[in-house]
Amino acid sequence: MKIQAINGFKDILPDEVTRWQHIEQVTRDIFHRFNFKEIRLPILEETQLFARSIGQSTDIVEKEMYSFTDKGITMRPEATASLLRAFIEHGMHVQQPVHKLYTIGPMFRHERPQKGRLRQFHQLDAEIIGAVEPEVDAELMAMGQLLLAELGLEASLEVNSLGCPQCRPAFRQKLVDYLEKYTDQLCGDCRRRISTNPLRVLDCKNPNCRELVNDAPSILDALCTDCDEHFARVRSSLDLLGVTYTPNPLMVRGLDYYTRTTFEFIARNLGAQSAVGAGGRYDGLIEELGGPKLSGIGFAMGIERLVLLLQEKDKSESAPRNQVDIFIAALGDQATLKCFQLAHLLRKTGIRAGMDYSGRSLKAQMKLAGRLGARFTLIVGDQELQEKKAGLRNMQDQSQEDFSLHQTPEETARNLKTIITESLPVNERPDFTRRQI
RNA sequence: GUGGGAGUAGCUCAGCUGGUGGCAGCACCUGGUUGUGGCCCAGGAGGUCGUGGGUUCAAGUCCCAUCUCUCACCCCA
């Protein structure tokens, strides 16, 4: 029986993890600059939470959730609902008026996998709760754009407003009236959408539908006074921050809870999945979930999609170099035991030490040292052990000198640590505070 | 859920109209150097050709089924 990972679930192998760590590091750095705090959330929630927030009739809730139907719980398909549940549950709104929170982790949706889409995928998710001002919308988008920029990625930002419960229903009706005149020219999917989710027709990929949609009523013409003013201030705020963006009145979001501002970061090279990140405002949702009457806005980026873009940009996936500071090559049983002990002492001092116990030839051990990117190799043979010395080879300049083994093992380790540390430029020296032997 | 493409060594892939699985590349191991890495040279190891049936004297190759992966639709980060 051959056991393998199930469809749509992927292992992230060590070489690739380096990229993930880089993305997470840049994300935390930027989010902290914007004064966001991390929150860590459970993966399982009551099914009701998602049904009520994302929308009972959305595809996600209707057919894509991993649910334990006998227990009424579901693996989260997105982060916002869980985050708001935690926010409400812990009464966080009484601590301060505005909360900026982020979380990073896996999400689960039972869709057919394809490029940039998996059944377990990962998002970094940022939410601002308790602020209704348009400047907040702009700040959040600016943060997303800065993140992409600092990762070295290019993506365009498209922005729209979906209105609010005051103005959207009227627009929806107007749109349905328009579409029904052209039912026979729409694709099959769109004919279905007229009754299920007419706004979806706006971003259909079918050329005929796109043609028709061009002359359809625009949501931006149908906004109520408050929404219209909000959107105008979002745009002027983006301009003030120097954020480049494109208004796109045809952009629709899939989750029911969005109101007013919605946006997507669009990238090339992602196959059919062009959105690397997306988000929007959800002004009624917190109350809907039983919380206080507070506004919110947030976005999520797909980490797998960021990884794809980074791979595209930098095709050379060079193996990680310099995994150890020093490699210890032992020849003979006596020397092996001595080196075994020394390697552990070095590691206790904070030095990354590598060693091989299989008694292979010096040549093989040198090769291993080279592969690990060791800066130094300490060569200890049984005969040298008698003379209390070893060879210390600098792997970069190929020089080699004698190294005394007359001191205690602890002193030997400290001496090696000093040599290794002093071989590094000052700004690359590790912080060895609290690591003493 | 619907449609296309693909499964041969750890990875990337050759393999023509059926006739013994490749001196293939990368990676790995050993040797060239009785104890010195990267480059080079030589050698070695590694496979139920996704799986199961069928046609045939003979199937990696043709046919059917099935599984898996992949791209796209739907939908979405």
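Chain letters run A, B, ... following the sequence lines, proteins first, then strands; residues in each count from 1.
Distances shorter than 4.0 Å separate some side-chain N or O of A/Arg360 from OP1 or OP2 on B/C29. Regarding contacts with the backbone of B/C28, a side-chain N or O of A/Arg371 is found under 4.0 angstrom from either OP1 or OP2. The phosphate of B/C74 has OP1 or OP2 within less than 4.0 Å of a side-chain N or O from A/Lys205. One finds no side-chain N or O of A/Gln114 lying less than 4.0 angstrom from the OP1 or OP2 phosphate oxygen of B/C71. One finds no side-chain N or O of A/Arg117 lying less than 4.0 angstrom from the OP1 or OP2 phosphate oxygen of B/C74. Considering only side-chain N and O atoms, A/Lys10 lies under 4.0 angstrom from the phosphate OP1 or OP2 of B/U70.
Using a 4.0 Å heavy-atom criterion, one finds that A/Ile266 contacts no nucleic acid atom at all. Counting non-hydrogen atoms under 4.0 angstrom, A/Lys363 reaches a base of the nucleic acid. Using a 4.0 Å heavy-atom criterion, one finds that A/Glu264 contacts no nucleic acid atom at all. Counting any heavy atom pair closer than 4.0 Å across all strands shown, A/Glu62 reaches no nucleic acid atom. Among the heavy atoms of the strands, none lies under 4.0 Å from A/Glu78. Across all strands shown, A/Ala369 has no heavy atoms under 4.0 Å from either base or sugar-phosphate atoms.
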### Where protein sits on nucleotides 8-13 of chain B, one letter per nucleotide: B base, S sugar-phosphate only, - none, heavy atoms under 4.0 Å
------
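With hydrogens and angles ignored, no donor-acceptor pair under 3.5 angstrom links the side chain of A/Gln396 to the base of B/G37. No hydrogens or angles were tested; on distance alone, nothing pairs the side chain of A/Arg112 with the base of B/G1 as donor and acceptor under 3.5 Å. On a pure distance criterion of 3.5 Å, a polar donor-acceptor pair joins the side chain of A/Gln398 and the base of B/G38.
Across the interface with RNA chain B, nearest-nucleotide mapping of A/Ala364 and A/Met395 shows A/Ala364 to be the residue nearer the 5′ end. Residues A/Ile379 and A/Ile60 each lie close to RNA chain B; by heavy-atom proximity, the contact nearer the 5' end of the strand is made by A/Ile379.
Checking each of A/Glu111, A/Glu64, A/Glu304 against A/Arg117 for a salt bridge (charged side-chain N to carboxylate O under 4.0 Å, His left out) leaves exactly one that passes, namely A/Glu111.
Side-chain contact of A/Tyr282 with A/Glu127: a donor-acceptor pair under 3.5 Å is present, judged by distance alone. A donor-acceptor pair shorter than 3.5 Å cannot be found between the side chains of A/Asp125 and A/Thr103. For the residue pair A/Tyr66 / A/Arg109, no side-chain donor-acceptor distance below 3.5 Å is found, with atom types taken as modelled.
Remark: the backbone N or O of A/Arg76 is not paired with any side-chain donor or acceptor of A/Thr74 at under 3.5 angstrom. Using modelled atom types, one side-chain atom of A/Arg305 and one backbone atom of A/Gly116 make a donor-acceptor pair closer than 3.5 Å.
A salt bridge is absent between A/Glu38 and A/Lys100: the closest approach of a Lys/Arg side-chain nitrogen to an acidic carboxylate oxygen does not fall below 4.0 angstrom.
In this structure, A/Tyr357 places its OH atom where more than 12 heavy-atom neighbours from other residues, nucleotides or ligands lie under 6.0 Å away.
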#### Entry: Paired and unpaired positions of RNA chain B as dot-bracket, Watson-Crick or G-U wobble under 3.5 Å, | denoting a partner strand
(((((((..((((.....[..).))).(((((.......))))).....(((((..]....))))))))))))....
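Atom CZ of A/Phe31 is separated from atom CG of A/Leu124 by 5.5 Å, given to the nearest 0.5 angstrom.
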